[in-house]
Number of protein chains: 2
Amino acid sequence: MFEPFTLKDIAKALGLSTSTVSRALRDTHEISPETKKLVLDYAQKINYRPNPIALSLKERRSKSIGVSLSEVANQYFAQVVNGIESIAYDRGYHVIITQTHEFYAREKVNIQHLASRSVDGLLVSLSSETTDTSYLQNLHQRGLPIVFFDRVTDQIKTHQIIANNEKGAFEATEYLISQGCKRIAHLTSSDHLSISVERLNGYKQALAKHGLLLNEAYIKYCAHGGMFQEETEMAIKELMNMKEKPDGIFVASDRLSIGALVVFKELKVKVPQEMVIAGFCNSDVLNLMCPTLTSVRQPAFEMGQIATDMLLNLIESKYPVHDFEKKILDTSLSIRNH
Amino acid sequence: MFEPFTLKDIAKALGLSTSTVSRALRDTHEISPETKKLVLDYAQKINYRPNPIALSLKERRSKSIGVSLSEVANQYFAQVVNGIESIAYDRGYHVIITQTHEFYAREKVNIQHLASRSVDGLLVSLSSETTDTSYLQNLHQRGLPIVFFDRVTDQIKTHQIIANNEKGAFEATEYLISQGCKRIAHLTSSDHLSISVERLNGYKQALAKHGLLLNEAYIKYCAHGGMFQEETEMAIKELMNMKEKPDGIFVASDRLSIGALVVFKELKVKVPQEMVIAGFCNSDVLNLMCPTLTSVRQPAFEMGQIATDMLLNLIESKYPVHDFEKKILDTSLSIRNH
DNA sequence: GGTTGTGCCGGGAACGATTGCACAATAATT
DNA sequence: AATTATTGTGCAATCGTTCCCGGCACAACC
């Protein structure tokens with residue numbers, strides 16, 4: 001039904017062969033100026049665009065990259081996507097975004113779909129459910145370039161780009177301590193996620209540095225990263241029902257941070273008098289929120305840019321790359337305490 | 001570098017022709033059960049997937065649809081996208097999302113790119129800059145199915161799916177009146193956007209119904225829909241510098257609503273004592289915000305679903321469709337007043 | 001025994017674009 | 001005038017898949 005113009009159409013209209021038309025459009029020196037002009041003018045007139053599908057088939061690359069992330073409704077990921085697009089479009093690549101909503105099954109289907117769809121490379125932030133990355137290893141082994149960002153895995157030898165999660169977590173926890181908190185809880189995603197491990201480390205280090213005892217009961221995991229609000233609610237209620245309630249909490253992710261604020265508001269917990277909250281969050285409306293959240297902010301846009309740059313370099317590299325980089329970007333702490 | 005298996009690979013390995021292999025995989029009756037089993041088993045073993053690029057070229061359709069919207073960081077659009085994906089994936093279509101960031105130039109480039117990329121159809125919500133839709137008309141005339149959602153145009157005869165903007169705006173404004181507001185301002189996007197017109201109408205009708213005079217000076221337009229916070233800031237400051245300051249404001253879009261809250265907070269305007277705010281907003285963290293916003297909520301997920309369903313029906317229709325529908329979904333008002 | 005039928009399979013064209021190679025016509029050289 | 005460059009153009013193969021067409025073998029029929 002919708003039939004774009006082809007080289008053949010131009011050739012027929014002008015009484016030339018398709019090869020001549022093709023060469024004229026690509027401005028080869030071996031076509032006479034008159035023919036070139038003729039072709040170019042006509043192509044302009046009918047607004048001819050080469051069929052990228054045909055090109056993909058011929059060139060065996062699609063000039064597009066695939067992205068797998070948990071969800072764009074998450075501001076952090078929305079910002080990453082903007083960073084990705086800013087680089088990709090400049091270098092002539094399309095971006096195809098897929099959402100996992102934190103489900104492993106969804107992630108696997110999406111990524112295999114992308115791969116068979118001939119994306120030239122993949123930008124991946126793992127879902128909180130993912131433990132088995134063998135399907136990714138498979139693709140990677142067969143030569144598909146992959147760059148991980150945010151939630152990474154060491155099971156696949158490739159570039160990684162992450163925030164300095166340990167330092168960010170350390171600073172946030174130290175901030176809570178500076179506010180006089182003695183019993184600091186930690187709310188985090190599933191324990192196998194790279195960001196969870198790193199942020200937990202930062203939390204532990206801050207406690208240790210300031211001589212606070214680590215209480216495992218203060219650490220709560222949400223297997224689905226807070227995709228279900230009940231998860232978050234239950235974790236916090238458990239904390240608030242403890243004999244020795246925490247007086248501060250460090251939350252490990254965007255979604256959990258927002259979810260925690262909701263619960264504390266529901267419970268009418270006085271923030272920051274009864275509870276000081278700090279957490280990773282890239283939302284740009286945190287200033288409007290009460291209860292108040294001291295936030296660790298990741299350079300999301302920049303992460304997207306760097307990840308994309310790395311991926312495109314892998315894709316366009318003439319030789320197999322074996323020397324991989326783990327890039328770590330600094331976070332920044334935004335203190336909000338009234 | 002990354003070379004998936006092809007029919008030819010299977011054919012060679014099994015000593016058959018590609019046509020036989022193709023037919024075996026498609027389960028044609030004219031292939032013997034033994035051969036079929038042979039081929040299927042082998043295909044299974046090497047995890048063969050047909051090359052969608054080649055299929056697209058042959059079938060002249062890509063089983064993918066394109067989406068153009070302002071930005072996924074906007075919760076409303078993020079929810080729409082989820083609705084779109086929920087339907088598209090079920091029916092075997094890919095979704096390619098492009099962001100305009102409210103720029104006409106970006107929109108045009110993105111959409112033409114999508115079209116030449118052989119998407120089978122388009123879901124479009126126009127950018128606030130867009131007045132000239134001729135490039136879309138062009139594509140539509142040549143047979144590309146298009147469905148508009150949210151920001152629509154009557155210049156192209158096709159399906160439209162929108163919220164009941166007039167009614168939503170009416171209810172919001174009436175709510176402000178019920179709170180005792182006498183001087184109600186209206187902050188909106190560019191004046192040629194369909195949603196702006198419709199929401200302005202609702203605002204006017206509510207004023208009229210309750211005998212309030214329409215004051216044009218109380219209506220402020222933001223040409224870029226609040227993409228630049230300065231726009232929003234200036235508009236509100238102008239309002240607050242008037243001799244007869246407004247005591248209520250109805251804000252016409254998600255982004256502007258958030259932007260307005262930021263400005264009122266900066267200006268330390270007491271909400272709702274000095275100023276009652278109501279606005280379109282699908283953010284799911286409005287309960288956490290102060291100042292407080294009474295919000296008109298659109299059924300975003302459902303809109304995405306319906307739009308996609310309509311589009312896929314257009315795409316898969318055997319006959320040209322001339323009977324187009326304008327679907328209008330009800331909004332809901334969430335009152336927040338403390 | 002020749003014709004028709006049927007089951008099974010291979011050859012080759014097509015989709016749209018690029019490109020190495022061949023070939024014609026003209027120009028330049030000997 | 002004959003040979004060699006040079007210039008401009010067309011042919012055909014290629015990418016992976018589908019599908020029409022045709023062919024071979026064997027059985028059934030008159």
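Protein chains get the first letters and strands the later ones, always in sequence-line order, with residue 1 at the start of each.
Applying the 3.5 Å distance criterion, the base of dC11(D) shares a donor-acceptor pair with the side chain of Ser19(A).
Regarding Leu55(A), its CG atom lies at a distance of 13 Å from the C1' atom of dC15(C), rounded to whole Å. Between the C1' atom of dG7(C) and the NE2 atom of His29(B) lies a distance of 9 Å, rounded to the nearest Å. The nearest whole Å value for the distance from the CD1 atom in Ile10(B) to the C1' atom in dG16(D) is 12 Å. Look at CG on Leu7(A): it is 17 Å from P on dA14(C), rounded to the nearest Å. In this structure, the CD atom of Glu34(A) is 8 Å from the P atom of dG8(D), given to the nearest Å. The separation between Leu16(B) atom CG and dC8(C) atom P is 14 Å, rounded to whole Å.
Applying the ring pair (Phe, Tyr, Trp, His ring centres under 6.0 Å) test to His140(B) and every residue at least two apart in sequence or in another chain returns nothing.
Listed in residue order, the members of residues 40-53 of chain B having a heavy atom less than 4.0 Å from DNA chain C come to none. DNA chain C lies under 4.0 Å from at least one heavy atom of each of the following residues of residues 56-65 of chain A: Lys58(A).
The CG atom of Leu144(B) sits 5.5 Å away from atom CD1 of Ile146(B), with the distance rounded to the nearest 0.5 Å.
For dC9(C), the OP1/OP2 oxygens have no side-chain nitrogen or oxygen of Thr20(B) closer than 4.0 Å. For the OP1/OP2 pair of dG16(D) and a distance below 4.0 Å, the side-chain nitrogens and oxygens of Thr18(B) include no atom meeting the criterion. Proximity of Thr35(B) to the phosphate of dC9(C): a side-chain N or O atom is located under 4.0 Å from OP1 or OP2. Within the structure, every side-chain polar atom (N or O) of Arg23(A) is placed at least 4.0 Å from both OP1 and OP2 of dT19(C).
When all heavy atoms of Leu114(B) and Gly66(B) are compared, the closest pair comes out as CD1-CA, 3.9 Å.
No side-chain donor-acceptor contact under 3.5 Å links Glu102(A) and Ser127(A).
If you find the closest nucleotide of DNA chain C to Ile31(B) and to Phe5(A), the one lying nearer the 5' end belongs to Ile31(B).
For Thr6(B), the listed nucleotide lying nearest its side chain is dG16(D); candidates were dA17(C), dG16(D), dC21(C). Closest contact between the side chain of Pro33(A) and the listed nucleotides dG8(D), dT17(D), dC15(C) involves dG8(D).
Among the heavy atoms of the strands lying under 4.0 Å from Ser22(A) is at least one base atom, whether or not backbone atoms are also near.
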Show your working on salt bridge (Lys or Arg N to Asp or Glu O under 4.0 Å) between Asp132(A) and Lys108(A) and close with a plain yes or no. CA-CA 10 Å; Asp132(A) 177 16; Lys108(A) 188 171 171 184; 5.7 Å; no
